[in-house]
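Every number for a ligand or one of its atoms is a count from 1 in the order of the listing. Not measured: the values here are computed from a predicted model.
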Amino acid sequence: MNKVTIVGTGPAGLTAAIYAARAQLQPVVYAGLQHGGQLTTTTEVENFPGFAHGIMGPQLMTDMTAQAERFGTKIVYDMVTKTDLSKPPFKLWVGKDIVETQTLIIATGATAKTLNLPGESTLMGRGLSTCATCDGFFYRGRKVAVTGGGDSAMEEAMYLANLATEVYLIHRREQFRASPIMVERAQKDPKIKMMIPYVIEEPVVKDEVVAGLKLRHRDTGAIEEIEVDGLFMAIGHTPNSEVFKPWIETDEQGYVRVREFTKTNVEGVFAAGDISDPNFRQAITAAGMGCQAAIQAQRYLEHLEASH
Ligand code: NAP
């Protein structure tokens, strides 16, 4: 039986592993489909403290993995497909095996939704992005576009307006999902140009990077081309909580509800990182929550031992 099982190998899962391993709890981590999480799809990370000259996202995750393994973390490159968290020990289905664990840390993250544009996967990091805070800096002094009509799109457009020369905000309908105050602020920003109601047909690619966008007016069908160096897709995230949902309380979007830092509604089950945080979604905040979850799991185990 595992003392601590962690699902997910982004900054939250791996930081939890480093702390749990150093507390001699021999954590077992299930890596899931995307070992390293969202940072493995970015290029340079310039806002993770400790790297004065930045570090490549995949390298940061390789180093975090090595750090966790150095203290005895076991990383299993497999998926958890089903769970039974009705009572301890908790059961996790991994392939044909059933794993039992005294505590569980859910760090499965959230996946940014994308538009599935032609050539999208190869253009990620070459003009396409799902995170203005992460990649906006690379577009300073250039023209960019943001798509989406929610609070994230407004926030990203305003963030980018401080860096870029011009920001097109492209949304598929006339109504916004974003709060009126955010829409008003974006509309008042002289650098933001609203393109409504437009649908993005495809990126215009030159020398293997984004050089523009082909747009279609939703009502008239007219095609228009705009010149931009980057497109930020801010069309929402999908939290990866499906496998825990029968037992774990989530909000209406599927984010795990936590109380007292990382505790879920099930005692002994904790959640850290983007799976329980639709607000900040940063590597450093996820890492901080991973640390909290490991310490809370350790305290829970100590309490269990003391009461037996
Ligand atoms: P969201 O509110 O779900 O908005 C997603 C937007 O993307 C919608 O406008 C939607 O268009 C559009 N969209 C979805 N799929 C699309 C597609 N395939 N093609 C084109 N457009 C598409 O997501 P969010 O903006 O990420 O916000 C998530 C939550 O976080 C919200 O509750 C939000 O209030 C909160 N948040 C708050 C703040 C803040 O308060 N500062 C900042 C960020 C986020 P339709 O409207 O046409 O469906």
- prompt: Where does Pro278 meet ligand 1, judged by heavy-atom distances below 4.0 Å: at the side chain, the backbone, both, or neither?
  reply: neither
message: More than 12 heavy atoms of other residues, nucleotides or ligands under 6.0 Å from CD of Glu46: yes or no?
response: yes
Sub-4.0 Å heavy-atom contact, Thr147 with ligand 1: no
- request: Measure the distance from atom 24 (P) of ligand 1 to every protein heavy atom, then report the residue, atom name and distance (to 0.1 Å) of the closest one.
  value: Ser152 OG, 3.2 Å
field: Polar side chain donor-acceptor pair, Asp63 to Gln59, under 3.5 angstrom
entry: yes
query: With only distance considered, is His237 within less than 3.5 Å of ligand 1 through an N or O on each side?
result: no
query: In terms of residue, atom name and distance, what is the protein heavy atom nearest to atom 40 (O) of ligand 1?
result: Asp151 OD2, 4.3 Å
- prompt: Below 3.5 angstrom, do we get any N/O pair linking Gly149 and ligand 1?
  reply: yes
- prompt: What part of Gln253 sits under 4.0 Å from ligand 1 if we count only heavy atoms: the side chain, the backbone, both or neither?
  reply: side chain
- prompt: CD of Glu302: more than 12 outside heavy atoms within 6.0 angstrom?
  reply: yes
task: Mind checking whether Asn279 contacts ligand 1 via backbone (N, CA, C, O), side chain (CB onward), both or neither, at a 4.0 Å heavy-atom cut-off?
output: neither
query: Among Ser179, Gly150, Gly148, which residue places a heavy atom closest to atom 4 (O) of ligand 1?
result: Gly150
- prompt: More than 12 heavy atoms of other residues, nucleotides or ligands under 6.0 Å from CD of Glu174: is that the case?
  reply: yes
- prompt: Relative to the heavy atoms of Gly236, which atoms of ligand 1 are at a distance of less than 4.0 Å?
  reply: 23 (O), 26 (O)
task: Answer yes or no: does atom NE2 of His217 have more than 12 heavy-atom neighbours from other residues, nucleotides or ligands under 6.0 Å?
output: yes
- request: Classify the side-chain pair Thr65/His35 by whether it contains a donor and acceptor separated by less than 3.5 Å.
  value: yes
- prompt: From atom 30 (O) of ligand 1, is the closest protein heavy-atom distance below 4.0 Å?
  reply: no
- prompt: Would you call Lys113 a ligand 1 contact, heavy-atom distance under 4.0 Å?
  reply: no
query: Thr15 side chain to Ala12 main-chain N or O, any donor-acceptor pair under 3.5 Å?
result: no
task: Could you tell me whether Lys245 and Glu242 make a salt bridge, using a distance below 4.0 angstrom between a side-chain N and a carboxylate O?
output: yes
message: Counting non-hydrogen protein atoms only, what is the nearest one to atom 48 (O) of ligand 1? Give residue, atom name and distance.
response: Arg177 NH2, 2.5 Å
- prompt: Going only through I, L, V, M, F, W and Y residues with side-chain contacts under 4.5 Å, is there a path from Val256 to Val243?
  reply: yes
query: Taking atom 15 (N) of ligand 1 as the point of reference, which of Gln175, Arg172, Met182 owns the nearest heavy atom?
result: Arg172
task: Please say whether more than 12 non-hydrogen atoms of neighbouring residues, nucleotides or ligands are located less than 6.0 Å from CD in Glu267.
output: no
- request: Around atom 39 (C) of ligand 1, find the nearest protein heavy atom and jot down its residue, atom name and distance.
  value: Glu155 OE2, 3.9 Å
